[in-house]
> 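One structure follows; several queries about it will come next.
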Number of protein chains: 2
Amino acid sequence: MFLGTYRHAVDSKGRLAIPARFREQLPTGSIISKGAEGCLQVYGPDEWVKEQSALQLTSESPAEERRLTRMRFGAARECEFDAQGRIVLSADQRGYAGITGIAWIVGVNNLIEIWNDENWRRIGEATPEEYTRIQDQVAERRRGK
Amino acid sequence: MFLGTYRHAVDSKGRLAIPARFREQLPTGSIISKGAEGCLQVYGPDEWVKEQSALQLTSESPAEERRLTRMRFGAARECEFDAQGRIVLSADQRGYAGITGIAWIVGVNNLIEIWNDENWRRIGEATPEEYTRIQDQVAERRRGK
DNA sequence: CACAAAGTGGGGAATGGTGGGGAAAATGGG
DNA sequence: CCCATTTTCCCCACCATTCCCCACTTTGTG
């Protein structure tokens, strides 16, 4: 279970330190790929298999699914931690998420997300009014509709 | 599992270096054929058998399947790596994929794809907005509709 | 206030991609 | 059937990138 928000530096080599609390839960490394709303997502091995095993490229995949499969896996990388607990973000990954200099590392229950300043402020922060409204929206959708 | 996107040169002899990370998973060589949207596809031996065993030319095959079978297998080639980890793309394969000078090599979970610049930019790259939209489309289709 | 743990930064060695030359094999024409 | 030309394959050398290691700074804790 990944919880909390951390603000870490990305150095000139694209290295980003993953918080020690998160690292402890990823003893065998992790997989990083693109996510919705311009974030990057870090999966543990088990969670990755669970999420992605359904997405395979076969001659029966429809066009949209082919495209998603290519983007998702093409953007993904297995990454291990160096002796300092860092991973390396590729130039492509940094470009997609708009990451330069600093990044927000957010624990989201089953996975970790990496955001740039601007996007995290837009998506992750909310006034009490917004928070309440969105919670109610989700509840309503689940109830029936 | 093949992950990541690499941009490699195709030299005047048609040679293309396959990323070391991919090569490790193909100790006994690979099979290369044509794929949808103008890419080339590289299969490991096991994946090739699994994918293509369903596609056989029999007296019961409908006309379209006959054609697909002929194209898929007619274009396919076994290929091994040279001491530098490169494969040789035939003139026919380069022509089909429109590859001149540089190629994108993309790991797509169960297989590897090879793209020219233009096509990969069109299919593989996406803004966060596009990526989010396509992911939602696929999710919606799967949910039921 | 001191010690330990965690994050940051840079330098050097090793790995991986690129390009060219030459030998062997295949092809085509006389 | 033999010779000439082209193509394929193998080997070697160079260069860029990546990875690993070490040292420093900052933060948190006893």
Side-chain angles (χ1 to χ4, degrees), chain A residues 2-32 40 42 74-95 99-107 112-117 120, chain B residues 2-32 40 42 76-95 99-107 112-117 120:
Chain A
F2 304 104
L3 300 177
T5 306
Y6 300 81
R7 188 172 185 274
H8 284 179
V10 178
D11 68 21
S12 56
K13 297 180 180 178
R15 295 180 298 190
L16 173 67
I18 300 297
R21 299 251 172 89
F22 293 174
R23 248 153 43 207
E24 290 165 6
Q25 300 177 56
L26 298 167
T28 59
S30 60
I31 290 139
I32 180 166
L40 301 173
V42 181
R77 282 224 159 160
E78 268 183 285
C79 53
E80 296 182 357
F81 303 105
D82 70 11
Q84 280 66 41
R86 292 173 291 195
I87 60 172
V88 181
L89 301 178
S90 70
D92 176 48
Q93 288 167 342
R94 275 176 288 163
I99 288 170
T100 54
I102 49 168
W104 292 89
I105 304 166
V106 186
I112 301 165
E113 290 189 337
I114 298 170
W115 295 81
N116 79 353
D117 243 321
W120 178 244
Chain B
F2 303 102
L3 300 178
T5 305
Y6 300 82
R7 189 173 187 273
H8 284 180
V10 179
D11 67 21
S12 55
K13 299 178 182 178
R15 296 180 299 189
L16 174 66
I18 300 297
R21 300 248 172 89
F22 294 174
R23 251 154 39 209
E24 289 165 6
Q25 300 178 56
L26 298 168
T28 59
S30 59
I31 291 144
I32 181 167
L40 301 172
V42 182
R77 274 204 173 182
E78 273 183 281
C79 57
E80 295 182 357
F81 304 105
D82 71 10
Q84 279 66 42
R86 293 173 290 197
I87 59 172
V88 181
L89 300 178
S90 70
D92 176 47
Q93 288 166 340
R94 273 177 289 163
I99 288 170
T100 54
I102 50 168
W104 293 88
I105 304 166
V106 186
I112 300 164
E113 291 188 337
I114 299 170
W115 294 81
N116 79 355
D117 237 323
W120 179 247

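Each chain gets a letter, A, B and so on, in the order the sequences are listed, and its residues count up from 1. Since the structure is predicted, the reported quantities are computational estimates derived from the model, not experimental observations. Basis for what follows: all heavy atoms, side chains included, without hydrogens, waters or symmetry-related copies.
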> Assuming nearest nucleotide by heavy-atom distance, tell me which of Val10(B) and Arg7(A) is located more 5' along DNA chain C.
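Counting from the 5' end, the first nearest nucleotide belongs to Arg7(A).
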> Got Leu26(B) and Phe81(B) here, is their nearest side-chain heavy-atom distance under 4.5 Å?
yes
> Could you state the interatomic distance from CD1 (Ile87(B)) to CG (Leu40(B)), rounded to the nearest 0.5 Å?
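Nearest 0.5 Å value for the CD1-CG distance: 8.5 Å.
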> Among residues 19-32 of chain B, which ones have heavy-atom contacts with DNA chain D below 4.0 Å?
Arg21(B)
> Answer whether the closest heavy-atom distance between the side chains of Thr5(B) and Trp120(B) falls below 4.5 Å.
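SC-SC contact between Thr5(B) and Trp120(B) confirmed.
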> Return the residues of residues 79-89 of chain A meeting this criterion: a heavy atom under 4.0 Å from some atom of DNA chain D. Order them by number, or give none.
Gln84(A), Arg86(A)
> From Glu78(A) CD over to Ile32(A) CD1, what is the distance, rounded to the nearest 0.5 angstrom?
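CD1 of Ile32(A) is found 12.5 Å from CD of Glu78(A).
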> Is atom CD of Gln25(A) surrounded by more than 12 heavy atoms (other residues, nucleotides or ligands) closer than 6.0 Å?
yes
> Along DNA chain D, 5' to 3', what are the outermost nucleotides having an atom less than 4.0 Å from a heavy atom of chain B?
dC9(D) to dC19(D)
> Nearest to the side chain of Lys13(B), heavy atoms from C-beta on, is which of dG22(C), dG19(C), dG7(C)?
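When the side chain of Lys13(B) is considered, dG22(C) is the closest of dG22(C), dG19(C), dG7(C).
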> Could you grab the distance from atom CG of Leu89(B) to atom SG of Cys79(B), nearest 0.5 Å is fine?
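The distance works out to 8.0 Å.
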> Find the distance Ile18(A):CD1 to dT8(C):C1' and express it as a whole number of Å.
14 Å
> What is the distance from atom CD1 of Ile114(A) to atom CD of Gln93(A), rounded to the nearest 0.5 Å?
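Ile114(A) CD1 to Gln93(A) CD: 8.0 Å, rounded to 0.5 Å.
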> State whether the side chain of His8(B) and the backbone N or O of Leu16(B) hold a donor-acceptor pair below 3.5 Å, judged by distance alone.
no
> Without decimals, in angstroms, what is the distance between Asp11(A) CG and dG10(C) P?
8 Å
> How about CD on Gln84(A), more than 12 heavy atoms from neighbouring residues, nucleotides or ligands closer than 6.0 Å, or not?
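Yes, because the 6.0 Å sphere around CD of Gln84(A) holds more than 12 heavy atoms from other groups.
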> Quick one: does Arg15(B) reach the base of dG20(C) with a side-chain donor-acceptor pair under 3.5 Å?
yes
> Considering only heavy atoms from C-beta outward, does the side chain of Asn116(A) approach that of Thr100(A) to under 4.5 Å?
no
> Taking the side chain as every heavy atom from C-beta outward, state whether Arg15(B) and Val88(B) have any pair of such atoms under 4.5 Å apart.
yes
